[in-house]
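Structure record follows, encoded as structure tokens.
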Amino acid sequence: MNLIHSTRLKSLLLVSFLAAGVGCSDLKETPDFINPDTFYKTATELQLGINGIYDDLNSGYSGYFYDRYVFECLTGDQIGWEKGPLQYNLGNVSTADEYIEAYWQISYRSINRANAAIEIADAMQDPANDALVKRLKAEAQFLRAFYYYGLLIYFDNPPLTVKSTKGISELPSNAGGKRAVIDQIYADAKAAAEVLPASYTGADAGRATKWAAKAILMKTQLWDEKWADAKATAEDIINNSGLQLFENFGYNFDLAHENQGERIFEAQVSAGANASEWNVHSAHFNPEDYPSELGGAGWSWLSATQEFRASYDPKDKRIDATFIESYPTGRFGKVDGQYPIVKWSPNADFNLSRFGGVVKADANPKDPSQLIFGKAWAGKLVELGINYNNTEKNTIYLRLADILLGHSEACNESNSGDKFMGINKVRVRAGLAPLSGLSQSALRDAIIREREQEFVFEQVMYPELRRKSKFGGQPDYLGDHIKHYITKYNVGRTLKARDYVLPMPLKEIQGNPNVTQNPGW
């Protein structure tokens, strides 16, 4: 697929050739391996292959979702002290960046698997399971669209291929630019939506549905500024899916409501079911001073700023599920046999250092007024009291609130339809007053603000801000965020055109003559 894969493939082939030359005479057993040309003969076997495409959605140490955590730090709303997040906070991104390489590799590995699964499904002869084969092919088409969308929103012009890689000489091209990728997402999402069921039960819960396919379609139409199409797709989902917002915002992120309600698509994670599929949300986002005795092991690399947390209306019902508002601190050890409880406060000390925003080390542990902290820790992601090796929370990728805000945006930009309906459903659920009478530009600003407060820690705001921004132009939501961050925290960073798109990896550019780097890089 690319040099990241090709180099490894060449190395593996070389090892195989050497082994064949020096060790065959001592081999007692018959070699056994899975050959895709002979293994995938039934729908049951094809389903195993499709499951492998879903697996990359889980968040390992530097997995698909974690890389998005790091990218998000470009905006300055989410901050971190570890090398990756810190460098993105400073705007220090390079073509050799390890997080970009990891994200790229995961994305194209999954796309290649989807390509192969689609080809296998097309050739499969399993008449008794024809409907299942068609559904599995549609799942692969959705997943290909999903991963291409994930490349589009960061890189603009990723290379496109819809054929499985048969040899290391087959290199994709990005000559068609974002237009080719967007059109492929359209084709895959529409084809998948025609076949996929509206819902699943039992062991199939969590697989892609027709509404997940339509959600990716709508999000791509917004990116493409096809406002009338996005409006129509959003209305199809809103009117025909039967999906409703949870009354309780927190149900989007708890264990009891996984694969239900407004949760349209999520990665399945369960350390209990599969010890190799745990996520690292708690490890990266749990409070720095949370006692290890209570499950606080990890790195605590990421949080949001105190200012971002303070921007919420105090009546906003999303606060308790979005942030960790209080927790036991290990800063003082146990006091009278218990770890003291600290509470978030807009008046607590805060800075961008590792311990900036954690309760002060010299605070009186028996004085509640001093037991305050300023960092905004991620309640959506952390499972307090559980070691990160045992976490169970799924990773949320698509939910109904995104469709509702997309509908308002499409109506607002096209000057048609009820542009306040979607955003007001989101706001009313949050306990906030509905909006009315805003101009087009004022509502555009309001939708951006609502997205930020609805979706913080879901790793979507850097793409959303840059989608609605232009370097040196108006509006420039991304530039405004970055400039504010630079000024407020006196960060040695200068806003530049490179902040508005990520580069294709250096290894891809060096190893693939068919790929042209993004302008400015």
Side-chain angles (χ1 to χ4, degrees), residues 59-63 65-90 98-99 253 269 271 278-310 319-334 339-345 348-363 365 371-393 395 456-459 485 489 491:
S59 182
Y61 175 81
S62 186
F65 204 55
Y66 177 67
D67 296 325
R68 291 166 58 149
Y69 297 162
V70 178
F71 302 159
E72 199 72 6
C73 289
L74 276 166
T75 69
D77 289 328
Q78 184 175 284
I79 58 170
W81 59 268
E82 188 264 346
K83 56 174 181 168
L86 176 60
Q87 292 306 312
Y88 274 72
N89 280 149
L90 295 173
E98 63 182 290
Y99 303 97
F253 314 102
V269 177
W278 48 270
N279 64 42
V280 289
H281 292 165
S282 289
H284 292 300
F285 285 88
N286 63 353
E288 176 70 30
D289 53 330
Y290 193 81
S292 58
E293 178 186 349
L294 301 181
W299 308 283
S300 310
W301 285 337
L302 291 154
S303 63
T305 65
Q306 182 181 41
E307 181 186 36
F308 184 85
R309 163 62 186 85
I319 290 173
D320 287 342
T322 299
F323 303 103
I324 297 173
E325 293 289 278
S326 65
Y327 61 90
T329 180
R331 288 280 265 179
F332 317 105
K334 290 184 177 179
Y339 291 107
I341 302 297
V342 291
K343 297 183 178 181
W344 182 86
S345 171
D349 287 345
F350 180 81
N351 60 61
L352 300 182
S353 69
R354 176 177 178 180
F355 291 99
V358 176
V359 62
K360 295 170 65 174
D362 61 354
L371 296 179
I372 55 176
F373 66 94
K375 279 191 174 181
W377 301 107
K380 289 180 178 179
L381 303 174
V382 169
E383 295 173 75
L384 286 180
I386 299 176
N387 186 279
Y388 69 87
N389 285 304
N390 301 314
T391 54
E392 294 289 317
K393 276 190 175 183
T395 303
V456 63
F457 299 128
E458 296 178 59
Q459 319 317 327
Y485 173 74
Y489 299 106
V491 175

With no hydrogens and no angle check, is any side-chain donor or acceptor of [X] less than 3.5 Å from a backbone partner on [Y]?
| X | Y | result |
| --- | --- | --- |
| S303 | W377 | no |
| E383 | K393 | yes |
| Q306 | N351 | no |

Shortest non-hydrogen contact from [X] to [Y]?
| X | Y | answer |
| --- | --- | --- |
| V280 | Y388 | CG1-CD1, 4.5 Å |
| F285 | A378 | CD2-CB, 3.6 Å |
| P85 | G80 | CB-CA, 3.7 Å |
| P291 | G330 | CG-N, 3.8 Å |
| W344 | K375 | CD1-O, 3.3 Å |
| T391 | V269 | O-CG1, 4.4 Å |

Enter the distance from [X]:[atom1] to [Y]:[atom2] here, rounded to the nearest 0.5 Å.
| X | Y | atom1 | atom2 | value |
| --- | --- | --- | --- | --- |
| L294 | I386 | CG | CD1 | 12.0 Å |
| K360 | F355 | NZ | CZ | 15.5 Å |
| T395 | E458 | OG1 | CD | 10.5 Å |
| S326 | L384 | OG | CG | 9.0 Å |
| N286 | I324 | CG | CD1 | 7.5 Å |
| Q459 | Q78 | CD | CD | 4.5 Å |

Side-chain contact, heavy-atom cut-off 4.5 Å: [X] with [Y]?
| X | Y | value |
| --- | --- | --- |
| Y327 | D289 | yes |
| P328 | Y290 | yes |
| L371 | I341 | no |
| Y339 | T329 | no |
| E82 | V70 | no |
| C73 | L302 | yes |
| N89 | L352 | no |

Give the ring-plane orientation class for [X] versus [Y], where under 30° counts as parallel, over 60° as perpendicular and anything between as tilted.
| X | Y | result |
| --- | --- | --- |
| F457 | F323 | perpendicular |
| W81 | W301 | perpendicular |
| H281 | Y69 | tilted |
| F71 | Y88 | tilted |

Does K83 form a side chain to side chain contact (heavy atoms under 4.5 Å, CB included) with Y99? I'd like the steps, not just the answer.
CA-CA 11 Å; K83 56 174 181 168; Y99 303 97; 3.8 Å; yes
Applying salt bridge (charged side-chain N to carboxylate O under 4.0 Å, His left out), can you list everything that pairs with D320, at least two apart in sequence or on another chain?
none
Between E325 and R309 (salt bridge meaning N to carboxylate O under 4.0 Å), is one present in this structure?
yes
